[in-house]
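Since the structure comes first, as structure tokens, the remarks are kept for the end.
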Amino acid sequence: GVDDALLTVDGLRKEFGGITALDGASVDVGRGVTGLIGPNGAGKTTLFNCITGFLEPDGGQVRFGGEDITGVRPAALAQQGLVRTFQIPRELESMTVRENLLLATPEQFGERLTGAWRRGERFADDERRARRRAAETAEFFELDHLLDEPAGNLSGGQRKLLELARALLTDPDMLLLDEPMAGVNPSLQRKILDRIHDLEERGYAFLLVEHDIDVIMEHCERVIVLHRGEQLTAGTPEEVRSDERVVEAYLGGD
Ligand code: ATP
């Protein structure tokens, strides 16, 4: 494990019918950028969903900043500083990038849109501050020229940047990103990775779940390999790459 783990998963279990998706998975995630990889069916998505409160595990514990967060719903997690990115909901696609950023309150994450609207109104109490932060965040992600554009008009990569911007506006300590590079062209991939590294330097922690192993190996300080619902190994990219068991797990299928 890591000495200064922020997120700790201990013996997590999840079954679907007769299928064991998580078989007592234990992982530690510290500061910096950590990658989670594993062959198809290893349990990555299930682990991600159990950590972020979208699935209730059958057993085991998740702790964040020392607190037990097992089964805590996404909106409450965001308030504790753990946030995941979300695809821009269809209802928000007709709204501009600016409006999407103004609605990015912690409570909104994991809540239904109706809740977001209500809270969006409340957020408007502090409208000047909210607008300034939205503008600064748009600039940081180079979305400022798109502020008045409906979110539905953005390219795949621009959407990923907007999703990241929305998550960042909830003031998290740790961001969990599910497939941040999927369907993104190389130049925007580079931009997303640059921003992640900028934010890492400012003290934000990241957990990236990615199919693209090369991206993970190049950009993460620490890599966790999941296999058959458990951690197979974890370490630096070099350690993981030279681990025979990792090679076997990928070659052997599930
Ligand atoms: P991939 O890389 O293919 O996305 P993964 O590592 O994310 O895989 P999971 O999607 O977590 O793995 O799946 C782990 C196991 O649990 C697989 O055998 C999968 O078929 C099964 N599984 C996941 N979700 C469900 C579900 N809702 N119902 C039934 N089985 C499921």
Side-chain angles (χ1 to χ4, degrees), residues 1 7-29 33-64 69-74 77 82-87 89 109-110 156-157 159-160 163-164 167 174-184 189 192-193 196 205-220 222-235 237 239-241 243-254:
L7 176 69
T8 307
V9 172
D10 192 15
L12 217 58
R13 300 192 57 80
K14 182 70 187 176
E15 292 192 14
F16 298 102
I19 297 168
T20 302
L22 293 179
D23 195 9
S26 297
V27 308
D28 284 342
V29 185
V33 183
T34 303
L36 178 70
I37 61 171
N40 289 338
K44 302 182 293 293
T45 305
T46 306
L47 182 61
F48 190 90
N49 286 333
C50 284
I51 292 171
T52 54
F54 279 80
L55 275 177
E56 193 158 342
D58 297 323
Q61 198 187 44
V62 185
R63 288 196 304 279
F64 181 67
I69 57 155
T70 319
V72 171
R73 302 294 303 156
L77 280 185
L82 180 69
V83 75
R84 58 165 291 178
T85 49
F86 286 95
Q87 286 187 8
F109 278 71
R159 273 172 189 252
K160 297 272 184 189
E163 290 164 18
L164 201 50
M174 180 181 280
L175 295 98
L176 271 61
L177 314 186
D178 193 11
E179 302 264 332
M181 301 305 149
V184 177
Q189 281 197 7
I192 291 170
L193 289 164
I196 289 173
F206 285 89
L207 180 65
L208 314 185
V209 180
E210 252 303 329
H211 269 105
D212 189 335
I213 296 179
D214 293 337
V215 165
I216 292 289
M217 290 297 186
E218 191 182 342
H219 293 277
C220 296
R222 194 159 168 276
V223 178
I224 296 168
V225 186
L226 214 61
H227 183 44
R228 295 183 174 146
E230 294 180 78
Q231 178 177 294
L232 180 67
T233 186
E239 286 165 350
V240 163
R241 210 195 301 264
D243 192 319
E244 282 298 323
R245 293 169 304 166
V246 175
V247 179
E248 266 169 44
Y250 274 93
L251 290 179
D254 90 308

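These numbers come from a predicted model, not from an experiment. Each ligand, and each atom within it, is numbered from 1 in the order the structure gives. What you see below is based on every heavy atom in this structure, not just the backbone, and it leaves out hydrogens, waters and symmetry mates.
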Solution key, residues 42-52 side-chain donor-acceptor pairs under 3.5 Å, sequence neighbours excluded:
| unit_1 | atom_1 | unit_2 | atom_2 | d |
| --- | --- | --- | --- | --- |
| K44 | NZ | G38 | O | 2.7 |
| K44 | NZ | P39 | O | 3.2 |
| N49 | ND2 | T45 | O | 3.4 |
| T52 | OG1 | F48 | O | 2.7 |

* For ligand 1, would you mind listing the residues that have at least one heavy atom less than 4.0 Å away, ordered by chain and number? => F16, I19, A21, P39, N40, G41, A42, G43, K44, T45, T46, H211
* Asked: Is there a donor-acceptor pair under 3.5 Å between the side chain of Q189 and the backbone N or O of M181?
  ->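 Checking the backbone N and O of M181 against the side chain of Q189, a donor-acceptor pair under 3.5 Å is found.
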* Do you know which of I216, L176, V27, L207 makes side chain to side chain contact (heavy atoms under 4.5 Å, CB included) with T34? ->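 That would be L207.
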* State, yes or no, whether a side-chain contact exists between I196 and H219 at a heavy-atom distance under 4.5 Å. =>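 They are not in contact (no side-chain heavy atoms under 4.5 Å apart), so the answer is no.
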* Asked: With sequence neighbours left out, what residues match T8 under side-chain contact (heavy atoms from CB on, under 4.5 Å)?
  -> A5, D28, R63
* **Listed partners of D23 passing salt bridge (Lys or Arg N to Asp or Glu O under 4.0 Å), at least two apart** =>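 Salt bridge (Lys or Arg N to Asp or Glu O under 4.0 Å) check on D23 returns R13.
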